[in-house]
Amino acid sequence: MTTVHTPADWPVTEEEARAVQDALRTRVVLDEPGPPPGTGHVTGVDVAYDDERDLVAAAAVVLDAARLDVVAEATAVGRISFPYVPGLLAFREIPTVLAALDALPCAPGLVVCDGYGLAHPRRFGLASHLGVLTGLPTIGVAKNPFTFTHDEPDTPRGSTAPLLAGREEVGRALRTRDGVKPVFVSVGHRTGLDNACAHTLALTPAYRLPETTRRADALCRRALTEAAAG
DNA sequence: GCGACAG
DNA sequence: ATCTTGTCGC
């Protein structure tokens, strides 16, 4: 497990953070299909917080995309770098997530984030931000529709409905289990929406949330508990 | 102006 | 995100 320190030039105010998003958003690549599902590595990242102790723990878990078993994992802990502000989640999560990714012994392949990419007030959510900073293909799989609207997808797993910001499709509501609340998929960086949904389905053979997310969630919670204790 | 709002 | 046990159901 590695320890991180927030960069000296990290934004302090919401205005500064929004300015960073506006500067980096031009670097998002949307015209690549991304890696094909079921091949190579797929990596889940997630973060857990202890606001009382000013602690944050991140985990990165690399899965074999075909077998969905764990190939490698890494964690990082640090101090909280930004408060939670809707639309600015990346500034709270990214320093620690980057450290966890850096600590991996192998290439991550596609990175699956807990949250949004393109589906964002300025079209630059966590997954897009992480993609631009690392150059890696990324997607976002969120548990809630945020500020966006959507029709109910049909009952069977695999059904989708556009996730809309007004009339613009910024992602997709994707049902990963028959009759269960959908997840909300959006493109991060260097990956197409169809492919992002295909990956999400490949990662959900048994549960609503991707195996990547489930593994990373369990690991970062464990890391946070250990950091708070020792 | 007020409320809602990824994690 | 986080506070939190059991419980109903496939």
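Just so you know, these numbers use all the heavy atoms, side chains as well, and skip hydrogens, waters and symmetry mates.
- Atoms NE2 and CG, on A/H189 and A/L110 in that order, are 11.5 Å from each other to the nearest 0.5 Å.
- In this structure, A/R221 atom CZ and C/dT4 atom C1' are separated by 12 Å, rounded to whole Å.
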Determine whether A/R157 and A/T204 satisfy the following criterion, side-chain hydrogen bond (donor to acceptor under 3.5 Å, both in side chains), listing intermediate values before the conclusion. CA-CA 10 Å; A/R157 158 178 157 88; A/T204 50; 3.0 Å; yes
Let me see the working for A/Y49 and A/E93 under side-chain hydrogen bond (donor to acceptor under 3.5 Å, both in side chains), right down to the final yes or no. CA-CA 10 Å; A/Y49 300 94; A/E93 308 222 324; 2.9 Å; yes
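- Seen from the ring of A/F184, A/R172 does not count as a face-on cation partner, given the 6.0 Å and 45° thresholds.
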Nucleotide-level pairing of DNA chain B, given in dot-bracket where Watson-Crick and G-U pairs need both distances under 3.5 Å and | marks other strands: .......
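- Listed for the A/T3 side chain is no donor-acceptor partner under 3.5 Å among the backbone atoms of A/V77.
- Between A/F91 and A/H129, the angle of the ring planes goes over 60°, which puts this pair in the perpendicular group of the 30/60° scheme.
- A cation-pi arrangement is not found for A/R123 relative to A/Y116, the charged atom failing to lie both closer than 6.0 Å to the ring centre and inside a 45° cone about the ring normal.
- Between the side chain of A/T191 and the backbone N or O of A/V187 there is no donor-acceptor pair closer than 3.5 Å.
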Quick test: give all pairs of protein nitrogen or oxygen and nucleotides 4-7 of chain B nitrogen or oxygen below 3.5 Å, distance rounded to 0.1 Å.
from  : atom 1 : to     : atom 2 : distance (Å)
B/dA6 : OP2    : A/Y84  : OH     : 3.1
B/dA6 : N7     : A/G87  : N      : 3.2
B/dA6 : N6     : A/G87  : O      : 3.1
B/dA6 : N6     : A/L88  : N      : 3.4
B/dA6 : N6     : A/L89  : N      : 3.3
B/dA6 : N6     : A/H120 : NE2    : 3.4
B/dA6 : N1     : A/L126 : N      : 3.2
B/dA6 : N3     : A/Y116 : N      : 3.1
B/dG7 : OP1    : A/K143 : N      : 2.9
B/dG7 : OP2    : A/N144 : ND2    : 2.6

